[in-house]
Amino acid sequence: MEIQNFLNGKEKINTRKLVTIFNPKSPISEQYRTIRTNIEYSNIERENRIIMVTSSTPGEGKTTTSSNLAVVFSQQGKKVLLIDADFRKPMVHNVFGKQNFFGLTSVIIKNKPLIESVQSTHIKNLYVLTSGPVTPNPSELLSSQSMSDLLAEIRRHFDFVIIDTPPILPVTDAQILANQCDGVILVINFGKTKIEQAQKAKSLLLNVKARILGAVLNNTKGKYKEYYYDHNN
């Protein structure tokens, strides 16, 4: 039914990236559900409700990972919000075929309230908050009291939140947000991400006392496929 809604609608979503919708029985979709389970049981004594997704460098698949994780959590019946906090290269609006005239920046600078900025999707229980208008000072916006207040407000309205952020090595945005989230997932591109880059990214996250839940190894071939492992590995 969800696929038919997309096909009948005017929104041009990225069918290749949303594998959990368009090929839900594939091994990759199953791996996303495994990641969901790992997040849920990573610490039974502490809630994981706001999860940040980042990578060490650009082009490692963090938006695809963020989007599909948001889908599989919404498929559990949870009310899920996917936030695009990558002001430098926003992609979430393209994946879900949404306009980006307003969004996260609009809410932070109080040009528009949260309730008017969140957009529904054709996927039941899944909502998106796009990045909004380009800002010259992304780091300042993400470190503002307004951003902290917004996350507190979002906790009251949604069961689960995924935040897509810029890669951590080129800019500081992800570090700024990391310790405001319940956990962080690091996306690693198999065959592209260098070990030193992944280690540096982990070190930067630990420096700001981020709680690293694990890493997603992306774009693998053959028996490895896509999988999740503990950050201590």
Side-chain angles (χ1 to χ4, degrees), residues 2 17-55 60-85 92 95-96 118 120-129 150-165 168 174 177-190 198 201-202 205-206 208-220 224-233:
E2 289 173 338
K17 289 186 179 295
L18 289 175
V19 62
T20 46
I21 288 294
F22 289 93
N23 195 359
K25 295 182 179 179
S26 70
I28 295 176
S29 295
E30 185 58 35
Q31 291 302 318
Y32 278 115
R33 289 189 285 271
T34 300
I35 296 169
R36 178 185 67 192
T37 302
N38 288 344
I39 292 172
E40 289 176 321
Y41 291 97
S42 60
N43 189 338
I44 60 174
E45 295 180 352
R46 178 173 173 176
E47 279 190 323
N48 291 324
R49 290 183 54 200
I50 299 184
I51 304 297
M52 188 188 92
V53 177
T54 189
S55 59
E60 297 191 66
K62 60 181 182 53
T63 299
T64 300
T65 300
S66 302
S67 300
N68 282 285
L69 282 178
V71 169
V72 295
F73 272 101
S74 70
Q75 289 172 338
Q76 278 188 322
K78 290 184 171 66
K79 187 178 180 183
V80 177
L81 178 65
L82 173 61
I83 300 175
D84 194 345
V92 169
V95 173
F96 289 90
V118 168
S120 62
T121 72
H122 281 105
I123 303 165
K124 188 178 180 182
N125 304 315
L126 179 56
Y127 301 82
V128 297
L129 179 60
L150 174 60
L151 289 178
E153 181 181 1
I154 286 171
R155 281 185 188 274
R156 295 195 293 271
H157 294 289
F158 294 89
D159 299 319
F160 197 83
V161 180
I162 298 279
I163 305 179
D164 185 16
T165 64
I168 197 165
L177 269 184
N179 63 11
Q180 298 189 60
C181 300
D182 299 327
V184 175
I185 292 175
L186 184 64
V187 176
I188 295 172
N189 193 328
F190 182 78
K202 176 185 173 182
L205 289 168
L206 293 178
V208 294
K209 302 187 185 309
R211 183 166 169 256
I212 304 175
L213 298 179
V216 170
L217 187 60
N218 205 2
N219 202 28
T220 60
Y224 294 105
K225 291 300 180 185
E226 190 158 2
Y227 72 101
Y228 180 81
Y229 64 92
D230 184 83
H231 73 276
N232 291 319
N233 290 337

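- Screening residues 63-76 for salt bridge (Lys or Arg N to Asp or Glu O under 4.0 Å) gives no qualifying pairs among residues at least two apart or on separate chains.
- One distance of note links CD1 of I21 with OG of S67; it measures 11.0 Å at 0.5 Å rounding.
- Of all non-hydrogen atoms in R211 and S42, the two that sit nearest each other are NH2-OG, 4.2 Å.
- Judged by distance alone, with hydrogens and angles left aside, the side-chain atoms of R36 form no donor-acceptor pair with the main-chain N or O of F73 at under 3.5 Å.
- In this structure, V95 and K17 approach most closely via the heavy-atom pair CG2-CD, 3.8 Å.
- In this structure, the side chains of T54 and L186 come closer than 4.5 Å at one or more pairs of heavy atoms.
- The main-chain N or O of N48 is never found under 3.5 Å from a side-chain atom of D182 such that the two would form a donor-acceptor pair.
- Atoms OG1 and CD, from T65 and Q31 in turn, are 12.0 Å apart once rounded to the nearest 0.5 Å.
- Using a cut-off of 4.0 Å between Lys/Arg side-chain N and Asp/Glu carboxylate O, E40 and K78 are scored as salt-bridged.
- The CG atom of L177 sits 7.0 Å away from atom CG of L151, with the distance rounded to the nearest 0.5 Å.
- In this structure, T121 OG1 and L82 CG are separated by 9.5 Å, a value rounded to the nearest 0.5 Å.
- Annotation: side chain to side chain donor-acceptor pair (under 3.5 Å) contacts of S26 (sequence neighbours excluded): S29.
- Partners of K79 by salt bridge (charged side-chain N to carboxylate O under 4.0 Å, His left out), not counting sequence neighbours: none found.
- Taking every heavy atom of both residues into account, S55 and V187 meet most closely at CB-O, 3.4 Å.
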>> Quick one, I123 with V80, criterion side chain to side chain contact (heavy atoms under 4.5 Å, CB included). Give me CA distance, side-chain angles, the key distance, then yes/no.
In response: CA-CA 10 Å; I123 303 165; V80 177; over 6 Å; no
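- Rounding to the nearest 0.5 angstrom, the gap separating the CD1 atom in I83 from the CD1 atom in I163 is 4.5 Å.
- By the 4.5 Å heavy-atom criterion applied to side chains, N23 and I28 are not counted as neighbours.
- Residues I50 and F158 have side chains not in contact (no heavy-atom distance under 4.5 Å, counting atoms from C-beta outward).
- Although no hydrogens or angles enter the test, the distance criterion places no donor-acceptor pair under 3.5 Å between the side chain of N125 and the main chain of Q75.
- You'll find the side chain of V71 stays beyond 4.5 Å of the side chain of Y32, heavy atoms only.
- When the salt bridge (charged side-chain N to carboxylate O under 4.0 Å, His left out) test is applied to E30, the partners found at least two apart in sequence or on another chain are R33.
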>> Using the rule given for side chain to side chain contact (heavy atoms under 4.5 Å, CB included), can you reason through V53 versus V216, listing the C-alpha separation, both sets of side-chain angles and the distance that settles it, and then say yes or no?
In response: CA-CA 10 Å; V53 177; V216 170; over 6 Å; no
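- L150 places a side-chain heavy atom less than 4.5 Å from the side chain of E153.
- In this structure, the side chain to side chain donor-acceptor pair (under 3.5 Å) partners of T63, at least two apart in sequence or on a different chain, are D164.
- Taking CD1 of I212 as the start and CG of L205 as the end, the distance is 4.5 Å to the nearest 0.5 Å.
- Residues satisfying the side chain to side chain contact (heavy atoms under 4.5 Å, CB included) test with N189, not counting sequence neighbours, are E60, K192, T193, N219.
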